[in-house]
Amino acid sequence: MILKRKNRYVLAVLLAGTDQPPRANNAIIDQIKELIGALEFAKANVHIIKEIGNMFVVSCTRGYEEKIILALSFIKKLQNTPVSVCTLKTSGTLKAITEYAELIKSKVSEVSEST
């Protein structure tokens, strides 16, 4: 019997000191791989699956989400740009993460319009 892998999704926001932050792409994946090690990285099956503005969704195998969150918090520089990565939410479904990201995005736009 083949068991299905259960994934967890981590929503994170990339904050940069510049007007144009670097894209959450292979640089973040490489940083995670360096921080948790190649073997753990392979077991965790880490992928960036969606970008929503300056937020991005990381997919990983259930049980590894805490290691991924820790690795994301250690990222301080991407493409020679100082950055900070903050995790916002962890979920078992992509739909819940996407809805939460859209809610955050709409709240941010409301606040920026009122000021």
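In what follows, every heavy atom counts, from backbone to side chain, and hydrogens, waters and symmetry copies are set aside.
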Not counting sequence neighbours, which residues clear side chain to side chain contact (heavy atoms under 4.5 Å, CB included) with Lys76? List them please.
-> none
Nearest-0.5 Å distance, CG of residue Asn45 to CZ of residue Arg62 = 14.5 Å
Side chain to side chain contact (heavy atoms under 4.5 Å, CB included) with Ile49: which residues, sequence neighbours excluded?
-> Tyr9, His47, Val57, Ser59, Leu94
In Å, rounded to the nearest 0.5 Å, how long is the span from CG of Leu11 to CD1 of Ile97?
-> 5.0 Å
Exactly one of Val10, Thr61, Ile68 clears side chain to side chain contact (heavy atoms under 4.5 Å, CB included) with Val46, and that residue is Ile68
Is atom CD of Glu66 surrounded by more than 12 heavy atoms (other residues, nucleotides or ligands) closer than 6.0 Å?
-> no
Does Gln31 reach the main-chain N or O of Ile29 with its side chain, forming a donor-acceptor pair under 3.5 Å?
-> no
Could you tell me which non-hydrogen atom of Met55 sits nearest to which non-hydrogen atom of Ala101, and how far apart they are?
-> CE-O, 3.4 Å
Who passes side chain to side chain contact (heavy atoms under 4.5 Å, CB included) against Ala71, sequence neighbours left out?
-> Ile32, Leu35, Ile36
Output for pair (Leu14 CG, Glu51 CD), nearest 0.5 Å, gives 9.0 Å
Using the side-chain contact (heavy atoms from CB on, under 4.5 Å) rule, take Leu78 and Val85 through it: C-alpha gap first, then chi angles, then the decisive distance, then the call.
-> CA-CA 10 Å; Leu78 286 177; Val85 179; 5.5 Å; no
To the nearest 0.5 Å, what is the distance between CG (Leu72) and OG1 (Thr87)?
-> 7.0 Å
Run the side-chain contact (heavy atoms from CB on, under 4.5 Å) check on Tyr100 and Ile52 step by step: do they pass?
-> CA-CA 11 Å; Tyr100 186 78; Ile52 307 162; over 6 Å; no
Identify, with sequence neighbours excluded, every residue that meets side chain to side chain contact (heavy atoms under 4.5 Å, CB included) alongside Ser73.
-> Leu70
Salt bridge (charged side-chain N to carboxylate O under 4.0 Å, His left out) pairs touching residues 33-44, sequence neighbours excluded, are Glu40-Lys67
When clusters are formed by joining ILVMFWY residues with side-chain heavy atoms under 4.5 Å apart, either directly or through shared neighbours, do Ile48 and Tyr64 land in the same one?
-> no
How would you list all residue pairs meeting salt bridge (charged side-chain N to carboxylate O under 4.0 Å, His left out) that involve residues 77-95, not counting sequence neighbours?
-> none
